[in-house]
Amino acid sequence: MEALGGTAEAGKGIVVGDIDTGIWPENPSFDAPALTSHKPGKRDPHRPYRSGATTLMHKADGGIFKGTCQTGDSFTAACNEKVISARYFGEGWLDAVPESNRAGYISPRDSQGHGTHTASTAAGNANVRATAGGEDLGTVSGVAPAATIAVYKALWQSKDGQADGGLTSDLVAAIDQAVADGVDVINYSLGATFESAYNDPAQVALRNAAAAGVFVATAAGNSGPGASSLSNTAPWTTTVAAGTIKSHTGTVTLGNGAHYTGISTTVHRQVGPAPLVLGSAVRVSDTVDIYADYCMPDSLDPARTAGKIVVCERGVNGRADKSVEVERAGGIGLVLVNSGDESTDGDLHSVPAVHLDKAEAAPVRTYAATSAATATLTEGGASGVYPQVAGFSSRGPSLVGNGDLLKPDITAPGATILAAVSPDGNHGRDFDYYSGTSMATPHIAGLAALYLTEHPTWSPMIIKSAMMTTATPTKTADGKNSDDAFAQGSGEVDARAMLRPGLVYDSGERDWLAYLEGSGVDTGTGVKAIDPSDLNYPSIAIGDLFGKQTITRTVTATAAGTYRARASVPGVKATVSPSVLHFSHPGQKRTFTVTLDVTTAPVGRAATGSLTWTSGRTTVRSPIVVTPQIVRAPSEIRAPAPAARPDSRSPRPPAP
């Protein structure tokens, strides 16, 4: 960050628009001088100011941001020189959800915490002391601490939890307003439970935003590790997977001498040795075993739980809610255990807690079921391999893209992330640890803001390309470099290397329309279709490779140099032409082709490799993912059977 002028300048002149659950503006991560009507001078040209009800800021790209601080429930005069605008969009949601089922504030104020967390991660103040329950958690900083924040609340909470989220109409209104106001970056830490079509109204609105020059970071989703579980896979956004970080650890030492290390943010002193029990062993008499094993509310008997460390299964109720129940029943510690390939998370629990993964959970669960079992909880222990793609992070291939566009694009930290939250939804805490691709996305949004500080007129796709082609592979559990492009995309973002990309792949709205036409979407624009694999993208993907295919790319130099290509895909012959590109000055463009010819790669299984351009110490790496298919001779191809016609006696399906 020193290369960008230090924390006081990192993100200066850039506005990050956060479309989320709102903001808790009183958090110290957003502390800043009040807005005044005094126009900025030459010494501080990007200082925001007020003109009547409008907030103005002269941006790094020469444009002017124009926003407003919309008042509402518990939200009056809440903006300042950090949070320079705040609006809410709920017309559709408020019409659909009766007042009796609404929770939170009808204003930009955040009652849940998600929006406050994402906004502060992207652009919160630097070196803020984070505390929770009197515990000093250290300091936190936003990725682009000198950037300003514009809030667009479009996600809402209901009392029964069934109507939580946002309606498409409200999301589109928020996106359009953010673009009209003049934001430089949009953080979109949300998605559907299924992959959105390219012509979904929200995705079209995000395309319009990118076409207007706004960098859009979107969450890949939290439905991993299953294949094709992604959200937000359009080419005009940067789709972000969640990676693990070197995190706080805690160790569970069993009475038999075995010890297991997991994630913990709440074990600061030794707990035990003390009796170790399953939740079902200390349940109240009228509760079934499984209910108590999940440590559900009022499931544990205080007379049987007091003084014990309780093993609680992950799932059904909230992770932190389990420790609330253990504390209520007099338990002194918690071992949270996974039963599937899920993440381990550093939640702020009500009692000292260690969260173990599936492999380490099994022997602890078995031992706890024996008589006279004991355990001791201690701080620390060997940290796991990182960064890995978190188990919850959604994977490709993209079904909407038919495998011809690699998604996700990139990985960023998204597990056990400490940031500001709303005390309303977080047991009165101002800071908390959250995990999700929602937490990874603002890291990329913040990095885009940093990039725009240096290159305010660069396109969103150039910045995406710079991040992707300089990323480094994530790790597998055994410490090796991962080649799972459907999980990590190009790999973990490298905040230093991204500023020196060497070559970039750019594209604009016309290119995206041609891609859509080639993908079977009628754009009504008359733009000629291209093969989707030929979109000028920083990665290469072919969903069905029948024998041989040639794809085309164009790169733009950010520095002069001579670049030499190396392409490798196991079982596929990869030929680059020309294999040497010379650039005499920045801005020069060169076009090349990559021919991929299947040799020994197995049919129906994705083959993963890479294309790397090298000039001195500069490397420009693009992942390649192709899935070979059988090429049949014409004589082997049978005519399709006649389509079945509906039987008039068959019942009609119910109306949607």
Side-chain angles (χ1 to χ4, degrees), residues 1-14 16 29 60 118-128 139-147 184-185 187 189 215-220 238-247 386-390 393 408-419 437-456 458 460-475 481-482 488-504 538 558-559 617-621 623:
M1 194 171 288
E2 290 303 320
L4 298 171
T7 58
E9 298 296 323
K12 198 79 168 178
I14 307 302
V16 177
S29 286
T118 56
S120 62
T121 298
N125 291 330
N127 302 316
V128 174
T139 58
V140 294
S141 298
V143 176
D184 301 287
V185 176
N187 184 76
S189 286
F215 182 96
V216 181
T218 57
T238 300
T239 309
V240 189
T244 62
I245 62 173
K246 184 177 182 180
S247 191
Y386 70 94
Q388 297 183 57
V389 175
S393 189
D409 292 307
I410 201 160
T411 302
T416 314
I417 304 300
L418 178 63
T437 55
S438 285
M439 285 57 256
T441 305
H443 281 83
I444 295 298
L447 288 173
L450 293 183
Y451 222 112
L452 288 166
T453 305
E454 286 289 289
H455 303 285
W458 279 20
M461 297 303 104
I462 288 179
I463 296 172
K464 177 203 285 198
S465 176
M467 291 182 182
M468 290 176 62
T469 59
T470 57
T472 57
T474 60
K475 300 295 184 181
N481 285 344
S482 174
Q488 68 177 349
S490 296
E492 176 95 347
V493 66
D494 187 326
R496 292 183 180 274
M498 73 173 191
L499 296 172
R500 303 179 301 277
L503 304 175
V504 291
T558 63
R617 295 183 178 181
T618 302
T619 59
V620 185
R621 181 183 176 277

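Along the sequence shown, residues carry numbers from 1. Both backbone and side-chain heavy atoms feed into the values below; hydrogens, waters and symmetry mates do not.
Ile14 approaches Asp184 most closely through the heavy-atom pair CA-OD2, 3.4 Å. Scanning all heavy atoms of the two residues, the minimum distance from Ala122 to Val16 falls at CB-CG1, 4.3 Å. Taking every heavy atom of both residues into account, Thr470 and Arg500 meet most closely at CG2-O, 4.3 Å. Nearest heavy-atom pair, Ala219 versus Ser438, reported as atom, atom and distance to 0.1 Å: CB-N, 4.2 Å. Nearest heavy-atom pair, Val140 versus Ser29, reported as atom, atom and distance to 0.1 Å: CG2-OG, 4.3 Å. Of all non-hydrogen atoms in Ala495 and Leu447, the two that sit nearest each other are CB-CD2, 3.8 Å.
Using modelled atom types, no side-chain atom of Glu454 and backbone atom of Leu499 make a donor-acceptor pair closer than 3.5 Å. Within the 3.5 Å criterion, the main-chain N or O of Ala126 finds no donor-acceptor partner in the side chain of Ser141. One N or O on the side chain of Thr244 and one on the backbone of Gln388 form a donor-acceptor pair closer than 3.5 Å. Not one N or O on the side chain of Thr139 forms a donor-acceptor pair closer than 3.5 Å with the backbone of Asn127. Here the side chain of Thr441 pairs a donor or acceptor atom with the backbone of Thr437 at under 3.5 angstrom. Of the possible donor and acceptor atoms, none in the side chain of Asp409 sits under 3.5 Å from a partner among the backbone N and O of Gly489. Using modelled atom types, no side-chain atom of Thr121 and backbone atom of His443 make a donor-acceptor pair closer than 3.5 Å. At distances below 3.5 Å, not a single donor-acceptor pair connects side-chain atoms of Thr558 with backbone N or O atoms of Pro501.
In this structure, the separation between CD1 on Ile444 and OG on Ser189 is 11.0 Å, given to the nearest 0.5 Å. Rounding to the nearest 0.5 angstrom, the gap separating the OG1 atom in Thr469 from the CG atom in Leu503 is 8.0 Å. To the nearest 0.5 Å, atoms OG1 (Thr7) and NZ (Lys12) are separated by 10.5 Å. The structure places CE of Met498 at 9.0 Å from CD1 of Ile410, a figure rounded to the nearest 0.5 Å.
Residues Val143 and Leu450 have side chains in contact (heavy-atom distance under 4.5 Å, counting atoms from C-beta outward). You'll find the side chain of Pro623 reaches within 4.5 Å of the side chain of Ser490, heavy atoms only. In this structure, Pro413 and Glu492 have side chains that are in contact, with non-hydrogen atoms separated by less than 4.5 Å.
Using the six-membered ring where Trp is involved, Tyr451 and His455 have ring planes that are tilted, between 30° and 60° apart.
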